[in-house]
Asker: 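Handing you a structure now.
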Protein chains: 4
Amino acid sequence: MMRLPIQLRYNDYDDRGHVNNAVYLTYFELGRTAAWRALGEGHEPSFLVAEARVTYRSPAMLGDPLAVEVEVGEIRNKAWTWKYRIVDPRDDRLVAEGETTQVMYDFGARKSVVIPDILRAALEKI
Amino acid sequence: MMRLPIQLRYNDYDDRGHVNNAVYLTYFELGRTAAWRALGEGHEPSFLVAEARVTYRSPAMLGDPLAVEVEVGEIRNKAWTWKYRIVDPRDDRLVAEGETTQVMYDFGARKSVVIPDILRAALEKI
Amino acid sequence: MMRLPIQLRYNDYDDRGHVNNAVYLTYFELGRTAAWRALGEGHEPSFLVAEARVTYRSPAMLGDPLAVEVEVGEIRNKAWTWKYRIVDPRDDRLVAEGETTQVMYDFGARKSVVIPDILRAALEKI
Amino acid sequence: MMRLPIQLRYNDYDDRGHVNNAVYLTYFELGRTAAWRALGEGHEPSFLVAEARVTYRSPAMLGDPLAVEVEVGEIRNKAWTWKYRIVDPRDDRLVAEGETTQVMYDFGARKSVVIPDILRAALEKI
């Protein structure tokens, strides 16, 4: 499991002072990008996001610090899931949680491919 | 069912020229806001989004026009779902689809409330 | 002069219900993209934005419709300016105005180039 | 002068892999928010941004780390300027620079007000 502090931006908030619900997928992406880099695979993704799900647990207000936690869920033949938790690190209050499904993808050949063994081994260690 | 053309913004795209996956929740929100206004409830939402799900079906590239379609899914006692389809209106190609669950919410009393009959009737007609 | 209605997004607003000041450059970009397409040059820009300036004249609140107006300012040898006005189309109230300077750029050769005559002629007509 | 590392987001980039020009005002805002907090004034701004200017010096590409530097420019009776530099901290390469003008504002009374002495003194020290 990795935890990354989120640098909040003033326009993440809506007119009630809550973090806008659409922004959570961007927070997941911050975590996903950090996890991908930790795998040693460079900045350029070679996967497609096929599905995303967010469950909102408690509102994040202007001034609340936030962090994203990422861990690997299921690893299949050509796809795997990453699971995310957005927390307020002051008391570990759960703000939102969710999951994305990634499909290994060859952008040159434009088709899905099997997860390479070396990446699978790295994913299993996060 | 309502359909709304989306005004795409240059920073909706990522470095491959695809619409960034996080932006789809903003497109759903455009549809949801239009649907909410069509209900005659004003600009200010009195619901919370409790859950969101997106399935990515085919990439949207720079230059592709997009529209969002919204319809009501299930209506429960205090909550309902909206279902969305993002399409390329030139050929109705499905780009993404998904769903959000809304909980009727009294922001003053800070608690969920039953969907008023008049709103329920309006939701059933969309 | 071109005028384009802006499709506002809920996360354009800050916690006071004002359009966030950073978003105006995105509105300028919507106008610039429309102006560029009107020139018949395709979706892909072949210029760099070298400078941008925004003056905020009156706040845009949640629910206010907005439009962006674009016109060409000065045309120099390798650069030109676009001037923008963000207005509330209900009464033409001026919300913000500004300017960007574009430099004609050859992305392959990585250097600025002279504005082609055909583009200069088209710019002079907007 | 304050320097703050920027947490880059994947959708800050455009389809060429450059940071989108509109995003720089958000980076300025990150610096401004940090500077404002350092003044001990809380999270809620009591100023309006009246003007913003950005000059783009060199492109920031996917993978380049960035930081924002902020310092106070001119302090007038009711307004002051903040000056910003966006740099790549690896070699202090200048990516963009600019300035915003803030007007001290009483949001209750809806009018501009004189900068309080205590704030002026704090501004002079940054």
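Residue numbering restarts at 1 for every chain, and letters A, B, ... go by the order of the sequence lines.
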Asker: Does any heavy atom of chain B fall under 4.5 Å from the side chain of A/A52, the backbone, both, or neither of them?
Answerer: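 For A/A52, heavy atoms of backbone and side chain both lie under 4.5 Å from chain B.
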Asker: Measure the shortest side-chain to side-chain distance between B/N20 and A/E29 over non-hydrogen atoms and say whether it is less than 4.5 angstrom.
Answerer: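 Touching, per the 4.5 Å side-chain cut-off.
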Asker: Quick one: pull up CZ in A/F107 and CZ in B/R16 and give me the separation to the nearest 0.5 Å.
Answerer: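 One gets 4.0 Å once the value is rounded to the nearest 0.5 Å.
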Asker: Within a 6.0 Å radius of atom CZ on B/R110, are there more than 12 heavy atoms belonging to other residues, nucleotides or ligands?
Answerer: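 No - once you tally the heavy atoms of other residues, nucleotides and ligands closer than 6.0 Å, there are 12 at most.
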Asker: Please identify, among A/E99, A/H18, A/R53, the residue contributing the most non-hydrogen atom pairs under 4.5 Å to chain B.
Answerer: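 Looking at each option in turn, the highest pair count goes to A/R53.
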Asker: Looking only at heavy atoms, what is the nearest atom pair of A/N21 and B/L25, with distance?
Answerer: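 In terms of heavy atoms, the two residues are closest at O-CD1, 4.0 Å.
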Asker: Look at B/V49, B/T26, B/T100 and state which one has the largest set of heavy-atom pairs under 4.5 Å with chain A.
Answerer: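 When all of B/V49, B/T26, B/T100 are compared, B/V49 has the most.
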